[in-house]
Amino acid sequence: MKVILVVIPIISLIFAAVNGKMSELSSSIISKSGEAVELVISLCGIMCFWCGLMRVAERAGLTEKLARLLSPVVCALFRGVPKGSKAVGLITMNLAANILGLGNASTPLGIAAMRELSEIEHAQEHATDNMILLAVLNTASLQIIPATAAALRTANGAENPFDILPCVWIVSVYAAIVAVIAAKIMGRISRKRGEH
């Protein structure tokens with residue numbers, strides 16, 4: 001990522017110099033930097049509101065209730081993880097926090113779940129199928145309320161920033177299903193080859 005962040009500006013400078021557009025590049029840098037700061041400031045208020053609302057939901061026990069609902073699904077997906085183990089609890093809490101849009105709360109839960117899976121499955125040098133599946137589910141990040149997308153839409157003048165909800169739900173569920181199926185298939189293939 002560091003390389004990309006260095007290479008892109010260098011390529012832009014080279015092309016601007018070759019095409020004689022250095023003045024346009026410098027004015028663009030100044031104007032777009034100001035727009036970026038404005039966007040960040042406008043997003044701050046919206047994100048604070050949604051994070052606060054989700055924190056209230058978390059304190060009200062909504063995360064725990066959702067985790068209890070997800071527990072049977074987690075036990076079915078994560079084969080070999082003992083029911084009632086700490087790992088199952090952490091995985092369900094992690095997924096519940098992601099679904100509720102509590103990214104800050106889900107990250108430490110995901111790391112703790114990975115550690116538990118590592119201990120249960122005695123994985124020291126490589127990721128197991130269950131660890132990969134957890135990473136896939138975190139990446140798919142199903143969300144009931146996509147607060148960041150709504151905040152960006154609001155900052156860009158959308159009249160109804162949440163009119164995308166049905167599409168977001170359909171696409172994220174579809175993406176999660178495809179990702180889980182792909183992870184399971186790849187796990188089977190690697191087991192057949194005797195690789196990890």
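Just so it is clear, the structure is predicted and the values come from calculations on it, not from any experiment. These numbers come from the heavy atoms of this one structure, side chains and all, not from hydrogens, waters or symmetry mates.
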Legend entry - Intermediate values then yes/no, side chain to side chain contact (heavy atoms under 4.5 Å, CB included), Ile91 and Leu137: CA-CA 10 Å; Ile91 292 167; Leu137 286 171; 5.9 Å; no

**Message:** Please tell me whether Tyr174 and Leu95 are part of a single hydrophobic cluster in this structure, the criterion being side-chain heavy atoms less than 4.5 Å apart.
**Reply:** no

Rounded to the nearest 0.5 Å, the NE2 atom of His126 sits from the CD atom of Glu121 at a distance of 8.5 Å

The residue among Ile164, Val171, Ile170 that forms side-chain contact (heavy atoms from CB on, under 4.5 Å) with Val168 is Ile164

query: For the side chain of Asn94 and the backbone of Leu90, is there at least one donor-acceptor N/O pair under 3.5 Å apart?
result: no

Nearest heavy-atom approach of Gly110 to Leu134 is O-CD2, 4.1 Å

**Study point:** Heavy-atom side-chain contact between Glu116 and Val81 under 4.5 Å
**Key:** no

- Counting heavy atoms not belonging to Lys184, are there more than 12 under 6.0 Å from its NZ? yes

Closest non-hydrogen atoms of Ser33 and Ile29, given as atom of the first, atom of the second and distance, are OG-O, 2.6 Å

Minimal heavy-atom distance between Gly80 and Ile120, with the atoms involved, is O-CG2, 4.4 Å

Are Ile132 and Ile177 linked, directly or through intermediate hydrophobic residues, by side-chain heavy-atom contacts shorter than 4.5 Å (ILVMFWY only)?
no

message: Strictly below 4.0 Å, N to O, side chains only: are Arg153 and Asp163 in salt-bridge contact?
response: yes

Is any side-chain heavy atom of Asp129 closer than 4.5 Å to a side-chain heavy atom of Phe78? no

Rounded to the nearest 0.5 angstrom, the CE-CD1 distance for Met186 and Ile181 is 14.0 Å

Note: Ser71 and Thr92 closest approach over all heavy atoms is CA-CG2, 3.6 Å

Tightest non-hydrogen contact, residues Pro161 and Ala158, listed as CD-O, 4.1 Å

Using the side chain to side chain contact (heavy atoms under 4.5 Å, CB included) rule, take Met114 and Ile111 through it: C-alpha gap first, then chi angles, then the decisive distance, then the call.
CA-CA 5 Å; Met114 284 290 189; Ile111 293 168; 5.7 Å; no

Criterion side chain to side chain contact (heavy atoms under 4.5 Å, CB included) on Thr128 and Leu133, from CA distance to verdict
CA-CA 9 Å; Thr128 63; Leu133 182 60; over 6 Å; no

d(Lys21 NZ, Ser12 OG) to nearest 0.5 Å is 13.5 Å

Inset, instruction - Establish whether Val7 and Leu25 are linked, either directly or via other cluster members, by ILVMFWY side-chain heavy-atom contacts under 4.5 Å. - result: no

Assess whether side chain to side chain contact (heavy atoms under 4.5 Å, CB included) is satisfied between Met22 and Leu13, documenting all intermediate values. CA-CA 8 Å; Met22 287 302 281; Leu13 284 169; 4.0 Å; yes

In short, Asn130 meets Leu77 closest at the heavy-atom pair OD1-O, 4.3 Å

Exercise for the section: Kindly say whether Ser27 contributes a backbone atom to a donor-acceptor pair with the side chain of Ser31 at under 3.5 angstrom? Expected result: yes

* Heavy-atom distance under 4.5 Å between the side chains of Pro82 and Val88, does that happen here? -> no

